[in-house]
Amino acid sequence: MRFGLLEVLALASVPWCKAQHAQASPSVSETLEATSSVYSMNVTECPGYSLSALTESEVGLTAQLTLAGPACNAFGKDIVNLSIEVVYQSLNTLHVKISDTLNQQFTIPESIVTRPSAPDESYKATSDLVFNYDPSPFAFWITRRLEPDAIPLFDTRTSSLPPTPIPPLNASDPSTAFDAFPLVFEDQYLQVASALPYDTNIYGLGEVIASSGFRRDTGVNGVGTVQTNWNRDIEDPIDQNMYGTHPIYVEHRFNETTNKSSSSGVLLLSAAGADILLQTPPNSNVSFIEYRMIGGILDFYFFSGPTPADVIAQYGAIIGYPMWQPIWGFGFHLCRWGYSNISEVTDVVSQMRAANIPLEVQWTDIDLYHAYRDFTTDPVSFPPEEVQLFVENLASNYQHYIPIVDAALAVTVNSTDVYNPYTRGVEEDVWIKNPDGSLYVGEVWPGYTVFPDWFSENIQSFWTEALKNWSALGVGFSGIWLDMNEASSFCNNSCGSGANYSALTPMSMVGRVITEYPECLLTFVLSYNATIWGPSGNMTINGTSTNSCTTNAMTTTVTKRGLGSGQEPGISINSPPYAIHNAIGALSTNTLATNATHYGGYAELDVHNMFGLMEEKTTNLALQEIFPDKRPFLISRSTFVSAGKWTGHWLGDNYSKWQYMYLSIQGMLQFQIYQIPMVGADTCGFLDNTDEELCNRWMQLSAFTPFYRNHNTYGAIPQEPYRWPSVANASRTAIAARYSLLPYWYTIFANASLTGLPPMKALFYEFPDEPELFAVDRQWMVGKHILVTPVLTPGATTVDGIFPGGGSVVWRDWYTHAVVNATIGGNTTLDAPLGHINVHIRDNSALLLHQQPAYTIHETREGPYALLVSLTGAGTVFGIAYLDDGISPPPTSNRTVTFLVVDGTLSIKSGGTYDVEQKLSTVTVLGAKQPSSVVVNGEEVHGWAYTASIEELVVSDLAISLEEDSSISWK
Ligand SMILES: *[C@@H]1O[C@H](CO)[C@@H](O)[C@H](O)[C@H]1NC(C)=O
Ligand SMILES: *[C@@H]1O[C@H](CO)[C@@H](O)[C@H](O)[C@H]1NC(C)=O
Ligand SMILES: *[C@@H]1O[C@H](CO)[C@@H](O)[C@H](O)[C@H]1NC(C)=O
């Protein structure tokens, strides 16, 4: 979390402190003031490059690029000699890398983001994609091999881009003028642009909460996108840079003549601070993307798709598929900031049990700590022996515990102060330094703090030991929550270096009172005392509705950040080098200074965006060492390319607003693209007070998203789901559905870890030729088969949703199994009373379910299985389920069961080595014709029932082993 930063931040702009780039000078990191006289700040005169020394290789080509005229030194010094390497990586992936020949620019070490080596065989003649180029001025474009004449997927030719010059999109921000689009490659500024079809569909390029929705704004209506890559701790802002950086996009093209679509994707593998612009200039029939980076190299990967899910999987094949999740991670998680002691937490766990709302994992926030120090417990409010007892009790009930770990660690404040993690870290030399070699000291919750240097030699053993000691102290965690890892600091630059460490005391929360409520709540509610939980969060007070929204078509106001709207303090294009649109201004604001120095000479400027990723990897490896027989579970805030190999993610500090519940959907869809599929929002909302109706809807919505946690801020009214009977009811219903579907969730996550396919999908991933779906982000699909249509507005009793498939797909209600009478190509209005979330099953699905959802995942898995089959109009189905023990690190013994229906016969085929003790007890077939007999493995059975109105055949009392092949026929 983040608190009151504006109060502690000096917003005055801080001069850029810039360390020399690591690889150029590994031992020195001197402060270098950028002097404006060196730079022209005008890319119009940049000469571009000429290609020479082309060498064809087995797998691609290499060549030299030479600056084609006098240096322009726009926002740095032009680099004269570049090397280009093109590798046809596979049938669907093409790698184009342009780097400085002397190799002095920062490149992401393989130890941080592992990339595949060059292929063993040549795909030059067979790859889906083709690299084309003009030698001088050098430009390249990427086409599909089978469509050489179509608009290229990526095209840097000036002739393809809009004509120049284009005036600033906003007069007050000249940085948005497009003078020209030459390739610029300077030590501190790189620029490359590609033409795109007019208003094409672009997804990704986050982390962001975009006012345009999941589909990014190409600027046909004037605003467009400026996506800035500079990780920062900020309460979920709209259209600004935030916690993570993921320079990958999926483009989905639709041809209106043929009514066919195809997707492709582009990764710019760069950790550099950057602006990525998506624009369509006025009167232009071309859109474009432009990358402006303040360091690094141009390292592109192109993915051919052709479906959106293919692109995502192809990206995963390059950067690594997501980690395997432990099965309990799919349970319901509960957390808040502001539990005052361990008995309060114990009471919450008991209340959950008393209300019979399944609780899988109880979390604690920084309340646990002594003086906000990592790896401690407060001796008074959270005595270690009581924490230990609490955790043991949870474990004996098959429940789990997760504590928070903040990125920065307290310094000891005087000579008698004892804080072993800090002193041990000094001995092991694991803290980030100032350029002069002294300790870099910032400020976070505990007061002055140091920051782990994930590059340092001893960091892994140090971090593992710290976690191990904490566990031994009694904090028996099953997983770890990583926060504040952008890295967040409450001041600018090295604010504590050389300071009197005892001058700062830990941040105090005393007296913090939250008075804000969700939209539409009537103001008289606020006359109630909001500091204690009471009627203030309820839907009615003394019989009067608290909701002032009279229609369910509530519109929420979004402040759309225009370009250069004046909301970006510190941005000045007039002071070189190029100032990216970091929404808080100078790069060192509220985080580590750009000249903070890492082991090996790496400058924070180059590695800033990877702090979270490196912490996640280090923590994941620590957990693997501490619990060698178990899969790690991590949830973290700041992420970068490939973080999904090590962690899951929550969407950060959202608000208890209807708008934020809606916005969480685009966030979760984005992180499927980023290969971090285990993602979820703070359910019921974090900042501000929630209310009964919002929490009711949100508890149901999040039950159909990957990571399911209710989390609340300090000083807000309580929002545990048992606080209101209606929310308790809604939660029980939704969690029961979720736990029934657990084998399905598990299967789609196995697919993600094995093949990179996204578990949660935008509707158009499954129906790519239906343009009305391209912007849909108020509904989503779980896997290929479940469609979720949540209520996102207060006061609603119905919800509108679209049912894709153009009438050729049969959609059935999850609860009643009735077929939806869907409108083709438009919205269908569904009943949605409070406590009901619409969930529909697509035809051609065979969903393996748990028959008896229980209190915990463990107990649920002890029960029998059920199979729910929804036939196509032709009476066929193919489905698959993946099973293993849900705990052991892969590779582990597993089993794959397939379900095939043809002509009224279900054939079950089982393969693998994992023992499945629980039997398949019920088979439900939707869309079946009335049978006269049912035969199971050759023998007629009588325990079946048929309901003609919904064409439902239910065969019960079975005891079919999922370890063997079986068949069930109905004739
Ligand atoms: C950039 O240079 C071009 C060509 O010399 C010139 O026409 C233009 O006015 C310059 N732009 C700025 C913003 O200085
Ligand atoms: C759409 O497809 C047609 C037929 O293949 C082709 O001629 C046309 O160029 C395509 N349009 C675009 C915008 O790619
Ligand atoms: C040193 O710091 C500790 C921890 O804040 C504090 O309890 C103690 O009183 C301080 N000692 C002195 C001599 O200031």
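Any value given below was found using the heavy atoms of this structure, including those in side chains, with hydrogens, waters and symmetry copies removed. Ligands are counted one by one from 1 in listed order, and the atoms in each one are counted from 1 as well.
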Heavy-atom closest pair (S263 atom, T307 atom, distance to 0.1 Å) is CB-C, 3.6 Å

Residue pair F303 / I318: nearest heavy atoms and the distance that separates them: CE2-CG1, 3.6 Å

R373 to Y419 six-membered ring, cation-pi geometry met (6.0 Å, 45°): yes

Closest to atom 5 (O) of ligand 2 among protein heavy atoms sits T258 CG2, 3.9 Å

salt_bridge(D239, R216) N-O dist < 4.0 Å: no

Ignoring hydrogens, tell whether any protein atom lies closer than 4.0 Å to atom 7 (O) of ligand 3; use the non-hydrogen atoms only. no

Considering only protein heavy atoms, which is closest to atom 12 (C) of ligand 3, and at what distance to one decimal place? N414 ND2, 3.2 Å

Please report the shortest heavy-atom distance between P182 and Q191, naming the atom on each side. O-NE2, 3.3 Å

What atoms of ligand 3 come within less than 4.0 Å of a heavy atom belonging to T416? 1 (C), 11 (N)

Among all protein heavy atoms in this structure, tell me which lies nearest to atom 10 (C) of ligand 2, with the distance rounded to 0.1 Å. N255 ND2, 2.4 Å

For atom 13 (C) of ligand 2, grab the closest protein heavy atom and report residue, atom and distance to one decimal in Å. I151 CD1, 4.3 Å

Flag the pair D299 and K97 as a salt bridge only when some basic side-chain nitrogen lies within less than 4.0 angstrom of an acidic carboxylate oxygen. no

Any protein heavy atom nearer than 4.0 Å to atom 2 (O) of ligand 2: yes

Distance-only N or O hit between ligand 3 and D417, under 3.5 Å: no

